[in-house]
Amino acid sequence: MATADLFALTDTTMDWPQPGHVRFRGYFLCDLADCYDELRRRFERIGFTPIIRQDGEAVAVIAQPVVYDPPGSNWIINLVLFLATVASTLFVGSINEVQGVDALINGLPGSLLEGLPFSFSLLLILGAHELGHYFAARYHDVPVTLPYFIPFPSIIGTMGAFIRLKAPIKNRRALLDIGAAGPLAGMVFAVPVLIIGLLTSPVSPTSGSYIQEGNSILYGLAKLLIYGQWLPNNGLDVHLNQVAWAGWVGLFVTGLNLIPVGQLDGGHVAYVLFGQKARRFFWPAIFGLIALAVLAGTATWWVWVALLFFFGRSYAEPLDDVTRLDPQRRWIAIFTLILFFLVFVPTPLTIVSP
């Protein structure tokens, strides 16, 4: 394997960090962001994949004895799940009064087609989010599945959607592109959907029992801009129609995905900015969600505490962890983390009684 034109070797260590691996230390003779693909091709020809890590003053190229060649996906599963999610969101949207407790618990839907505004609006947002990830992954030649939509019997009819990466990501720049493309693409549709929904939703006095959606900074400001007041206020609130409800759900799901922990989109963004130091966000995120669960009395946060505690410690470390973000991507990463604070909803839903 000839790499002398790419890498100046200073020493070699066999079976490090584990048997079958080989560590080459030295320094690159080219911009790693430009020559990693060529280096990887040369390693793969002999059955290895190069992992790049900083090793003191030197750079370590660790030859991992594996070549990633994942099998194709079964798109029929994706289609079946998508159609089931269409049905479940149509069902939710077809309930006449989305916010009414009685309608949610005891109400019977009319024709499923009556739920089309909610279903179409929500799936447009979720679809844009997942396709943002998908096309960014394809751009960087990372094998990836089509989106898996998750139908779920709840007041939103779904648990969202996800895609699965089938091989490690090349470097932090690709990780940022893939991680941030989803929430940013989703927001391109979520904001107009929310505004259209709010413009067509009435503001009136509240009465009876109802479910009150929580405010995020962005959602609260949108209502302030459209209605001229911070709602709810003095017994007045906006009664969301299907499109507005879908917009609120889109913002809420985006906020969840941007929690800066683990394999969530926010975890990817935190890792590209802070590297291994991103792991320091884990316990503050856990304790913060526990505090919200106690103060808001919302079971949602207890579920997320459990999920993050068991599954939020693993980060998507790229093969090349030495190449840093370029200035443009760094600003995109910072903006994406700021977006988390704008759309995160501390108290998602509250049942209000007379």
With the 4.5 Å side-chain cut-off for hydrophobic clustering, are [X] and [Y] part of the same group?
X      : Y      : value
Leu292 : Leu349 : yes
Leu256 : Val269 : yes
Leu184 : Tyr139 : no
Leu83  : Leu90  : yes
Phe311 : Leu165 : yes

Within 6.0 angstrom of [X] [atom1], more than 12 heavy atoms from elsewhere:
X      : atom1 : result
Phe282 : CZ    : yes
Trp331 : CH2   : no
Gln18  : CD    : yes
Asp69  : CG    : no

Is the shortest side-chain heavy-atom distance between [X] and [Y] below 4.5 Å?
X      : Y      : value
Gln64  : Pro17  : no
Leu236 : Pro205 : yes
Trp301 : Ile290 : no
Val22  : Ile62  : no
Leu251 : Val345 : no
His21  : Pro65  : yes
Arg173 : Val272 : no
Leu240 : Leu198 : yes

Exercise: do Thr254 and His129 side chains pair donor with acceptor under 3.5 Å: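 No - no donor-acceptor pair under 3.5 Å links their side chains.
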Would you compute the distance between atom [atom1] of [X] and atom [atom2] of [Y] and round it to the nearest 0.5 angstrom?
X      : Y      : atom1 : atom2 : value
Tyr315 : Phe274 : OH    : CZ    : 11.0 Å
Ile226 : Leu199 : CD1   : CG    : 4.5 Å
Asp265 : Asn257 : CG    : CG    : 4.5 Å
Leu32  : Asp321 : CG    : CG    : 10.5 Å
Ser94  : Leu116 : OG    : CG    : 11.0 Å
Thr323 : Leu175 : OG1   : CG    : 12.5 Å

How close do [X] and [Y] get, heavy atom to heavy atom, and via which atoms?
X      : Y      : result
Glu114 : Pro117 : O-CD, 3.6 Å
Cys35  : Leu6   : CB-CD2, 4.1 Å
Asn215 : Tyr219 : OD1-CD2, 3.2 Å
Pro192 : Phe189 : CD-O, 3.3 Å
Gly93  : Gln242 : O-NE2, 2.9 Å
Gly250 : Ile125 : CA-CG2, 4.0 Å

Residue pair Leu124, Ser121: steps toward the side-chain contact (heavy atoms from CB on, under 4.5 Å) verdict: CA-CA 5 Å; Leu124 178 66; Ser121 301; 5.7 Å; no
For the pair [X] (side chain) and [Y] (backbone), establish whether a donor and an acceptor sit closer than 3.5 Å, ignoring hydrogens and angles.
X      : Y      : answer
Asp55  : Ala58  : no
Thr200 : Ile196 : yes
Lys166 : Pro71  : yes

For Val66, the rest of its hydrophobic cluster, which grows through side-chain links under 4.5 angstrom: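 Same cluster as Val66: Tyr68.
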Residues Ile169, His140; criterion side-chain contact (heavy atoms from CB on, under 4.5 Å); working and verdict: CA-CA 8 Å; Ile169 296 171; His140 286 286; over 6 Å; no
Pair Ile52-Phe28, side-chain contact (heavy atoms from CB on, under 4.5 Å): steps then yes or no: CA-CA 11 Å; Ile52 317 298; Phe28 278 90; 4.0 Å; yes
For residues 141-159, tabulate all N or O donor-acceptor pairs below 3.5 Å that involve a side-chain atom, not counting sequence neighbours.
{"from": "Thr145", "atom 1": "OG1", "to": "Arg164", "atom 2": "N", "distance (Å)": "2.9"}
{"from": "Ser154", "atom 1": "OG", "to": "Ile156", "atom 2": "N", "distance (Å)": "3.4"}
{"from": "Ser154", "atom 1": "OG", "to": "Gly157", "atom 2": "N", "distance (Å)": "3.3"}
{"from": "Thr158", "atom 1": "OG1", "to": "Ile150", "atom 2": "O", "distance (Å)": "2.7"}
{"from": "Thr158", "atom 1": "OG1", "to": "Gly160", "atom 2": "N", "distance (Å)": "2.9"}
{"from": "Thr158", "atom 1": "OG1", "to": "Gly160", "atom 2": "O", "distance (Å)": "3.3"}

Cationic tip of Arg313 above Phe309 ring, under 6.0 Å, 45° of axis: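 Arg313 over Phe309 ring: yes.
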Partners meeting ring-ring contact (aromatic ring centres under 6.0 Å, His included) with Tyr227 (sequence neighbours left out):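 Listed in chain order: nothing, the list is empty.
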Residue of the set Thr350, Val238, Thr347 for which side chain to side chain contact (heavy atoms under 4.5 Å, CB included) holds with Glu213: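 The side chain to side chain contact (heavy atoms under 4.5 Å, CB included) with Glu213 is passed solely by Val238 among Thr350, Val238, Thr347.
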Residues Asp11 and Arg25 bridged, charged N to O under 4.0 Å: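 Counted as a salt bridge, because a side-chain N and a carboxylate O are separated by less than 4.0 Å.
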Sidechain N-carboxylate O distance under 4.0 Å for Arg41, Glu38: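 Here Arg41 pairs with Glu38 in a salt bridge, since their nearest N and O are under 4.0 Å apart.
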Parallel, tilted or perpendicular, as decided by the 30° and 60° cut-offs, for the rings of Trp248 and Phe252: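 Parallel: the ring planes of Phe252 and Trp248 meet at under 30°.
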Tyr271 and its side chain to side chain donor-acceptor pair (under 3.5 Å) partner, picked from Lys277, Arg172, Gln276: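 Testing Tyr271 for a side chain to side chain donor-acceptor pair (under 3.5 Å) against Lys277, Arg172, Gln276 leaves exactly one candidate, Gln276.
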Evaluation steps, side-chain contact (heavy atoms from CB on, under 4.5 Å), between Arg40 and Tyr36: CA-CA 6 Å; Arg40 182 174 180 176; Tyr36 176 82; 3.8 Å; yes
